[in-house]
Amino acid sequence: MAEINLGAIKFNWKGAYNNSTAYVVDDVVSSGGSSYVCILASTGNAVSNGTYWQVMAEGGDVATTLTTQGDILYRDGSGLQRLAAGTSGNALVTKGSGQNPVWESVGADFSPIFRAYMNANQGFSSNTTTRVNYSHESYDPDSVFNTSTQTFTVPSGKGGKYFIYVQVRKDSFSGNRGEVALKVVNGSELMVGELGNVSDSYSTIFTSGVVELTAGQELEVVFFHSDSGTRNLNGHSKSSFFGAYRLTD
């Protein structure tokens, strides 16, 4: 009587893959949380070798991948991965096809941000360019403004476009030109505000704009006037101030 070799009539579960075991067609093994079926007799050929193995059921060990409350499970290029809980207020953001999800803050981020102001009148000699003494702060959460030197330093990794505003108020003098300028310390001017011959002794000079800054740059505000003798700027938080916030890279 003729014999017909039907081969395996069901899958043969062999447990975890072992590099030294001889496997035959329809043997099934587990590896890395997935299961694989042998399609060609194999010894020592890893389950990633498509000549000998095909994925039967793809998965992962969720119990060991997720370890902490708030974890999220996602797949990267090789398998299941854990994304730990983000910072409070962050949102889960996709980076597009072929990229992994990440936690990021949402909405505008204007850091670093600061506002400094004059707290007392300051005298300026005629025809002399002098740094304005913004000695106090309204806010400066990233500590980028130095009230001792009255300078703003762009922090590491925070170069880019900044909106900057500067204001001073003349204190009881009128006449010849007054000029306030934002400049790089020992460098060039970035913005200038100017008043000509003005009879109003308490005139305000204001300038603002968007400037491109690089990390490490140190900025100051200077004032110049061409009246005779010493003239004062008004020291008050609402009349003479200097501030900035970052817009973008």
Distance-only donor-acceptor check, side chains [X] and [Y], under 3.5 Å:
| X | Y | value |
| --- | --- | --- |
| Glu220 | Thr151 | no |
| Arg82 | Thr67 | yes |
| Asn133 | Gln122 | no |
| Asn234 | Ser239 | yes |
| Thr128 | Thr130 | no |
| Tyr74 | Asp76 | no |

Discussion item. Does any part of the side chain of Ser30, heavy atoms only, come nearer than 4.5 Å to the side chain of Tyr36, both counted from C-beta?
Written reply: no

Would a distance-only check, ignoring hydrogens and angles, find a side-chain to backbone donor-acceptor pair under 3.5 Å from [X] to [Y]?
| X | Y | answer |
| --- | --- | --- |
| Asp26 | Phe11 | no |
| Trp103 | Leu83 | no |
| Asn49 | Ala46 | no |

Taking the ring centre of each residue, are [X] and [Y] less than 6.0 Å apart?
| X | Y | answer |
| --- | --- | --- |
| Tyr117 | Tyr134 | no |
| Phe124 | Phe223 | yes |
| Phe242 | Phe114 | yes |

Worksheet item: Would Tyr52 and Tyr23 satisfy ring-ring contact (aromatic ring centres under 6.0 Å, His included), going step by step from the backbone distance to the final call?
Response: CA-CA 9 Å; Tyr52 301 94; Tyr23 296 102; over 10 Å; no

Item to complete: Check step by step if salt bridge (charged side-chain N to carboxylate O under 4.0 Å, His left out) holds for Lys183 and Glu218.
Response: CA-CA 9 Å; Lys183 63 184 294 289; Glu218 188 178 14; over 6 Å; no

